[in-house]
Novice: 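Have a look at this one before I ask anything.
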Amino acid sequence: MKVLILGSGGREHALAWKISRSAALTGLWVLPGSEGIAEYAESLQGDPESPGTVVESARRIGADLVVVGPEAPLAAGVVDALEANGIAAFGPRRDAARIESSKVYAKELMVEAGIPTAPFAVFSDAESALAHVAERTLPMVVKADGLAAGKGVTVARAREQAEDAVREAMIDGRFGEAGAQILVEDCLVGEELSLMAISDGEVVVPLQPARDYKALRDGDEGPNTGGMGCVSPVPGCGEDLVSRVCRDVLQPAVSAMARRGTPFRGLLYAGLMLTAEGPRVLEFNCRFGDPETQVVLPRMRSDLLPILAASAGMRDDLEDLGVKLEWSRDAAVCVVMASGGYPLSYETGFPIEGLDAVSPGGFVFHAGTARDDEGWITSGGRVLGVTGLGPSIEEARDTAYDAVGRIAFPGAHFRSDVAAF
Ligand code: AMP
Ligand code: GLY
């Protein structure tokens, strides 16, 4: 099978690594890719968010399957365009991708399907939103409806903070159209969990759960980021919890979307809060998590490609593949090394040293790197996702931090408490 991956980050590096090991693979390309991903896949130039470019590239290489990494190409209708041209794609069509691209859509779907989530109210004008915020009990959470690069959510402990969030989204237009509608919801308390599952529009096959470390600094201090680290498995989150989330969250969501005539094919990611009353959905994403993928795929023993192909409708045995899915007993821990200043402004172009000195059992997934004449340099906010594998979480953690200790670039920042339970 010839496969084209869309995207260029650490998640896509992990996908390319995993797919490159597939017995069914005959050729692997990536659009636009990176010099890190080039280890496994040939890079193509072009904009992965342009449906025309993606169809043309897939045709040129004779791709049998296009695997979409990030959400933006999905929201731009890349899968619709590929399917219209007879090319199979892993990922939802634009109407189904709304489960991530509109939080209001996701909430309405959850109400319809009886999926547990925080009580909420929706607003499309600032005046009524502000009147509501003036009365709602603190703390409360204000969310912009659309895609806002992880910056559209404010957990407000003070009323002023909630008012500011409403004004920023609805009056100042900080998120553009994405902030034209907002949600105000109750603040949930508990530990977070990410559970990803693959669906063909009917069946749901769960992957192993993971925990993302979203805050910038140790102890969950500082601003939210795209993710500063990840661990899988997660203590206390075993098979029972996975089955419960499949039964109460993932399967009802997929069934409700099928009933609506907008079936969800691809990867459905539930961001959950494990509250005293049980798991509650914080958000849905319509693609692999980043950095969740960098810990979940290294633990997967089975061949991923047939599963992606079944989700995309190229075969009809997703349920059987799901039953046979095999996982390593090893734990995986990923530590993200970020540029100084991230998630605000940061400089790039600094030389990265020590990338070759990483011990066996460690993987370095490139998120924001490039090469110059001298070697690797930084080119993004999140630079590397360093994953360690080991027979226990502690050993995986030691392997990851040992590798992080060998890698250096000016301004490098990472959390030191990833997977420290
Ligand atoms: P979201 O993009 O909706 O997942 O929100 C980003 C982050 O905000 C989540 O990972 C949580 O840490 C936090 N968050 C979102 N919604 C809530 C909520 N209802 N209660 C508490 N924290 C929340
Ligand atoms: N790690 C969170 C996300 O992928 O959205």
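Since the structure is predicted, the reported quantities are computational estimates derived from the model, not experimental observations. We count ligands from 1, going down the list as the structure has it; atoms in each ligand are counted the same way.
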Novice: Can you list the atoms of ligand 2 that are under 4.0 Å from a heavy atom of Glu292?
Specialist: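 Heavy-atom distances to Glu292 below 4.0 Å select 1 (N), 2 (C), 4 (O).
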
Novice: As an exercise, identify every atom of ligand 1 less than 4.0 angstrom from a heavy atom of Asn224.
Specialist: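 Those qualifying, in numeric order: 7 (C).
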
Novice: For Lys214, take its heavy atoms, then give the atoms of ligand 1 lying under 4.0 Å from any of them.
Specialist: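 Selected atoms, number and element: 10 (O).
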
Novice: For ligand 2, does Tyr269 get within less than 4.0 Å through its side chain, its backbone, both, or neither, judged by non-hydrogen atoms?
Specialist: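 Side chain only.
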
Novice: Mind checking whether Tyr401 and Phe414 have parallel, tilted or perpendicular rings, split at 30° and 60°?
Specialist: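 If you compare the ring of Tyr401 with that of Phe414, the planes turn out tilted.
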
Novice: Flag Asp290 as yes when one of its N or O atoms lies below 3.5 Å from any N or O atom of ligand 2, and as no otherwise.
Specialist: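 Among all N and O atoms of Asp290, at least one is under 3.5 Å from an N or O of ligand 2.
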
Novice: Assess whether a salt bridge exists between Arg406 and Asp402, defined as any Lys/Arg side-chain N lying under 4.0 Å from an Asp/Glu carboxylate O.
Specialist: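 Asp402 and Arg406: salt-bridged.
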
Novice: Could you tell me whether Arg415 and Asp220 make a salt bridge, using a distance below 4.0 angstrom between a side-chain N and a carboxylate O?
Specialist: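 Result for this pair is yes, salt bridge flagged.
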
Novice: Quick one: which ligand 1 atoms are inside 4.0 Å of a heavy atom on Lys103?
Specialist: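 Every atom of ligand 1 under 4.0 Å from some heavy atom of Lys103: 1 (P), 2 (O), 3 (O).
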
Novice: Quick one: which of Glu71, Met196, Glu100 gives a side-chain contact (heavy atoms from CB on, under 4.5 Å) with Tyr269?
Specialist: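 Testing each of Glu71, Met196, Glu100 against Tyr269, the sole residue satisfying side-chain contact (heavy atoms from CB on, under 4.5 Å) is Met196.
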
Novice: Below 3.5 angstrom, do we get any N/O pair linking Asp212 and ligand 2?
Specialist: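 In this structure, Asp212 places an N or O atom under 3.5 Å from an N or O of ligand 2.
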
Novice: How far apart are the C-alpha atoms of Gln208 and Ser232, what are their side-chain angles, what is the distance that settles it, and do they pass the side-chain hydrogen bond (donor to acceptor under 3.5 Å, both in side chains) test?
Specialist: CA-CA 7 Å; Gln208 286 286 305; Ser232 177; 5.1 Å; no

Novice: So is there a nitrogen or oxygen of Val155 less than 3.5 Å from a nitrogen or oxygen in ligand 1?
Specialist: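 Looking only at distances, the answer is no, because the N/O contact criterion of under 3.5 Å is not met.
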
Novice: As an exercise, state the distance from NZ of Lys103 to CD of Glu185, rounded to the nearest 0.5 Å.
Specialist: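 Lys103 NZ to Glu185 CD: 8.5 Å, rounded to 0.5 Å.
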
Novice: What I want to find out is whether Lys214 reaches Glu192 closely enough, with some N-O distance under 4.0 Å, to be called a salt bridge.
Specialist: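 Salt bridge: yes.
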
Novice: Roughly how far, to the nearest 0.5 Å, is the CE atom of Met300 from the CG atom of Leu325?
Specialist: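 Going from the CG atom of Leu325 to the CE atom of Met300 covers 5.0 Å.
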
Novice: Given that the side chain starts at C-beta and the backbone is N, CA, C, O, which of these parts of Val141 lies under 4.0 Å from ligand 1, counting heavy atoms, or is it both or neither?
Specialist: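 For Val141, the contact with ligand 1 is made by the side chain alone.
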
Novice: Where do Met170 and Ala180 come nearest, in terms of heavy atoms and distance?
Specialist: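 Heavy atoms of Met170 and Ala180 come nearest at CE-O, 3.3 Å.
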
Novice: Number the atoms of ligand 1 from 1 as they appear, then name those within less than 4.0 Å of a heavy atom of Asp186, with their elements.
Specialist: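 Under 4.0 Å from Asp186, ligand 1 has these atoms: 18 (C), 19 (N), 20 (N).
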
Novice: What atoms in ligand 1 come closer than 4.0 Å to a heavy atom of Val153?
Specialist: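 Counting from 1, the qualifying ligand atoms are 1 (P), 2 (O), 3 (O), 5 (O), 8 (O), 15 (C).
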
Novice: Can you figure out which of Glu283, Lys143, Met140 has its heavy atom closest to atom 15 (C) of ligand 1?
Specialist: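 The residue whose heavy atom sits nearest atom 15 (C) of ligand 1 is Lys143.
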
Novice: What atoms of ligand 2 come within less than 4.0 Å of a heavy atom belonging to Gly289?
Specialist: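 So the answer, numbered in order with elements, is 4 (O).
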
Novice: Could you check whether Arg260 makes a cation-pi contact with Tyr105, meaning its NZ or CZ is under 6.0 Å from the centre of the six-membered ring and within 45° of the ring axis?
Specialist: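 Yes, a cation-pi geometry holds between Arg260 and Tyr105.
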
Novice: Closest non-hydrogen protein atom to atom 20 (N) of ligand 1, residue and atom name please, with distance?
Specialist: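 Protein heavy atom with the smallest distance to atom 20 (N) of ligand 1: Leu188 N, 2.8 Å.
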
Novice: Classify the ring geometry of Phe363 against Trp17: parallel below 30°, tilted from 30° to 60°, perpendicular beyond 60°.
Specialist: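 Ring orientation, 0 to 90° scale: perpendicular.
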
Novice: Give me the nearest non-hydrogen protein atom to atom 12 (O) of ligand 1 as residue plus atom name, then the distance to 0.1 Å.
Specialist: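 Going atom by atom, the protein heavy atom closest to atom 12 (O) of ligand 1 ends up being Glu192 OE2, 2.4 Å.
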
Novice: Heavy-atom contacts with Cys187 under 4.0 Å: which atoms of ligand 1 show up? List them by number with element.
Specialist: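 With Cys187 as reference, the close atoms of ligand 1 come out as 20 (N), 21 (C).
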
Novice: Could you tell me, atom by atom, which parts of ligand 2 come under 4.0 Å of a heavy atom of Gly226?
Specialist: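 Under 4.0 Å from Gly226, ligand 2 has these atoms: 1 (N).
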
Novice: Would you give the length of the straight line joining atom CZ of Arg315 to atom CG of Leu321, rounded to the nearest 0.5 angstrom?
Specialist: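 Answer rounded to 0.5 Å: 5.0 Å.
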
Novice: Just to confirm my output: which protein heavy-atom neighbour is closest to atom 17 (C) of ligand 1, and how far is it?
Specialist: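 Sorting protein heavy atoms by distance from atom 17 (C) of ligand 1 puts Leu282 CD2, 3.4 Å first.
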
Novice: Numbering the atoms of ligand 1 from 1, which are under 4.0 Å from a heavy atom of Met273?
Specialist: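 Answer, ordered by atom number: 21 (C), 22 (N).
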
Novice: What is the nearest protein non-hydrogen atom to atom 5 (O) of ligand 2, stated with its residue, atom name and distance?
Specialist: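 Ranking protein heavy atoms by distance from atom 5 (O) of ligand 2, first comes Arg287 NH2, 3.0 Å.
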
Novice: Out of curiosity, Glu202 CD to Gln251 CD, how far, rounded to the nearest 0.5 Å?
Specialist: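 Rounded to the nearest 0.5 Å, the CD-CD separation comes out at 9.0 Å.
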
Novice: Which atoms from ligand 1 have a heavy atom of Glu185 less than 4.0 Å away?
Specialist: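 Matching atoms, with element in brackets: 16 (N), 17 (C), 18 (C), 19 (N).
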
